[in-house]
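Report on the structure given below.
Keep in mind that what you see is a predicted model, and the values were worked out from it rather than measured.
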Amino acid sequence: MNFKVYNDVNDFYNATHNLLMQHEAQNLILLGNIIIGKEGKDKSGWRDPANWLMATVADGNDIQIVAMMTPPRNITLYAKENKINEAATACLISGLANTTVPGVISDKNMAQHFAQAYCAAKGLSSHTLMNQRIYELTEVNPSIPQTGQMRLANESDMHFLPYWLEAFNAAEEYGKQTMSIPQDAGNYLHKITQKQIYVLEDGGQPVSISGTTREIQTVCGIAYVYTPPYFRKKGYATSCVAQLSQMVLNRGFTKCVLYTDLANPISNSIYQKIGYRPVCDSLMLKFV
């Protein structure tokens, strides 16, 4: 087995792209990040590939594991054909000897396998940040009622949008973390200028948000789905995601992909009603 680190994102793209495209929806994070780095249009925050770990483990010329870490985020892994290769995992862990890995995100089996081996080698333990399911959609259920009107977020939404996005990241919606009070406008304005966030309005009142993330060849990610508690149970989230998904398909993408928290049965039910179908389960684990 051979552990190889790539210093040029273009070389990493050329080496891994065809392999990752075999499971395009599952590898949305890996493929999307590589494209962000390859295009080089935005190097703010974690997006500068000069700070990334990009690596593969190969048996001869045959890549067995693709690994990528965009600090301070977890390492993201893909095992060829989703098959566990213990020798490849051992080689990866050896290659990461001088690298601090805060956690892992991968399909469920690979995440558990890597975490067990890595923690044993490092004297660590792991706990689950989120038990996820990856869904994809190729056609929106036409029977979903259209409630409210969608529009792109703009700077006039800054009086509420940062708080809603932080609430999305908080315990009830994502990762079981404490909600933080927004301190810096930059991250939220970035999402606005990149035209990533959409607002659903009902009678001119913002009631729900959703957004796009990581656009690759035929797939676009859907994220940032949030409705404040006082606007729930009115069909807003369903309409918001359904409308945005159709807008994405109308742009020429053949699939929409989203991640859900399996601890939230309501959101999983909503997405399936819209037309999303399970691809695989994914685990986000933290090392302590």
Side-chain angles (χ1 to χ4, degrees), residues 23-29 31-32 107-108 130-154 157 160-161 164-165 167-170 172-175 191-192 194-282:
H23 292 90
E24 187 179 13
Q26 176 186 333
N27 290 319
L28 177 69
I29 293 176
L31 286 163
D107 77 277
K108 187 173 183 177
M130 186 180 291
N131 190 3
Q132 302 172 304
R133 180 159 292 161
I134 302 174
Y135 288 88
E136 68 178 22
L137 170 146
T138 57
E139 183 179 6
V140 175
N141 180 355
S143 68
I144 298 295
Q146 180 174 320
T147 304
Q149 299 294 321
M150 292 285 283
R151 64 166 175 83
L152 273 169
N154 56 62
D157 298 318
F160 73 90
L161 187 61
W164 288 18
L165 288 170
F168 164 78
N169 288 322
E172 186 175 353
E173 303 297 331
Y174 187 84
K191 287 181 170 56
I192 290 172
Q194 295 297 309
K195 299 182 179 180
Q196 292 181 311
I197 305 297
Y198 290 77
V199 178
L200 179 72
E201 289 186 336
D202 190 3
Q205 169 71 53
V207 293
S208 186
I209 58 171
S210 59
T212 59
T213 183
R214 292 184 178 84
E215 299 178 0
I216 51 182
Q217 287 185 2
T218 62
V219 172
C220 180
I222 303 294
Y224 314 119
V225 180
Y226 180 74
T227 303
Y230 42 86
F231 287 138
R232 293 178 187 172
K233 298 183 180 180
K234 297 181 180 181
Y236 290 140
T238 302
S239 182
C240 189
V241 174
Q243 289 189 56
L244 180 57
S245 300
Q246 189 60 59
M247 291 164 66
V248 166
L249 295 177
N250 291 346
R251 287 171 54 194
F253 292 97
T254 60
K255 294 179 183 178
C256 300
V257 173
L258 55 77
Y259 284 67
T260 68
D261 183 352
L262 286 174
N264 188 337
I266 294 176
S267 64
N268 282 268
S269 174
I270 287 173
Y271 298 139
Q272 291 182 72
K273 289 178 182 177
I274 294 170
Y276 282 88
R277 297 293 176 259
V279 173
C280 68
D281 286 355
S282 173

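The heavy-atom pair separating I134 from A25 by the smallest distance is CG2-O, 4.1 Å. Here the shortest heavy-atom pairing between N141 and S143 reads OD1-OG, 2.8 Å. Looking at every heavy atom in both residues, G275 comes nearest to L137 through C-CD1, 3.7 Å.
Put simply, CD on Q217 and OG1 on T254 are 10.0 Å apart, with the number rounded to the nearest 0.5 Å.
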### Task
List the steps, then state whether side-chain contact (heavy atoms from CB on, under 4.5 Å) holds for L165 with I209.
CA-CA 9 Å; L165 288 170; I209 58 171; 3.9 Å; yes
### Query
Where do K234 and T147 land on the side-chain contact (heavy atoms from CB on, under 4.5 Å) test, with the steps shown first?
CA-CA 9 Å; K234 297 181 180 181; T147 304; over 6 Å; no
### Message
L200 vs Q243, test: side-chain contact (heavy atoms from CB on, under 4.5 Å). Steps then yes/no.
### Response
CA-CA 9 Å; L200 179 72; Q243 289 189 56; 3.7 Å; yes
### Message
Evaluate N27 against I216 for side-chain contact (heavy atoms from CB on, under 4.5 Å), listing each step before the verdict.
### Response
CA-CA 10 Å; N27 290 319; I216 51 182; over 6 Å; no
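Looking at S208, its side chain does come within 3.5 Å of a backbone N or O of Y226 through a donor-acceptor pair.
The side-chain contact (heavy atoms from CB on, under 4.5 Å) test applied to K255 returns E136, T138, V219, not counting sequence neighbours. Remark: E24 pairs with T218 by the side-chain hydrogen bond (donor to acceptor under 3.5 Å, both in side chains) rule, at least two apart or across chains. Judged as a side-chain hydrogen bond (donor to acceptor under 3.5 Å, both in side chains), and not counting sequence neighbours, the contacts of R151 are D157, E201. For F160, the ring pair (Phe, Tyr, Trp, His ring centres under 6.0 Å) partners are W164, not counting sequence neighbours. Residues passing the side-chain contact (heavy atoms from CB on, under 4.5 Å) test with L262 are N131, R133, N268, D281, sequence neighbours excluded.
Residues in residues 202-219 take part in these salt bridge (charged side-chain N to carboxylate O under 4.0 Å, His left out) pairs, two or more places apart or across chains: E215-R251.
Counting only N and O atoms by type, the side chains of Y276 and S245 include a donor and acceptor under 3.5 Å apart.
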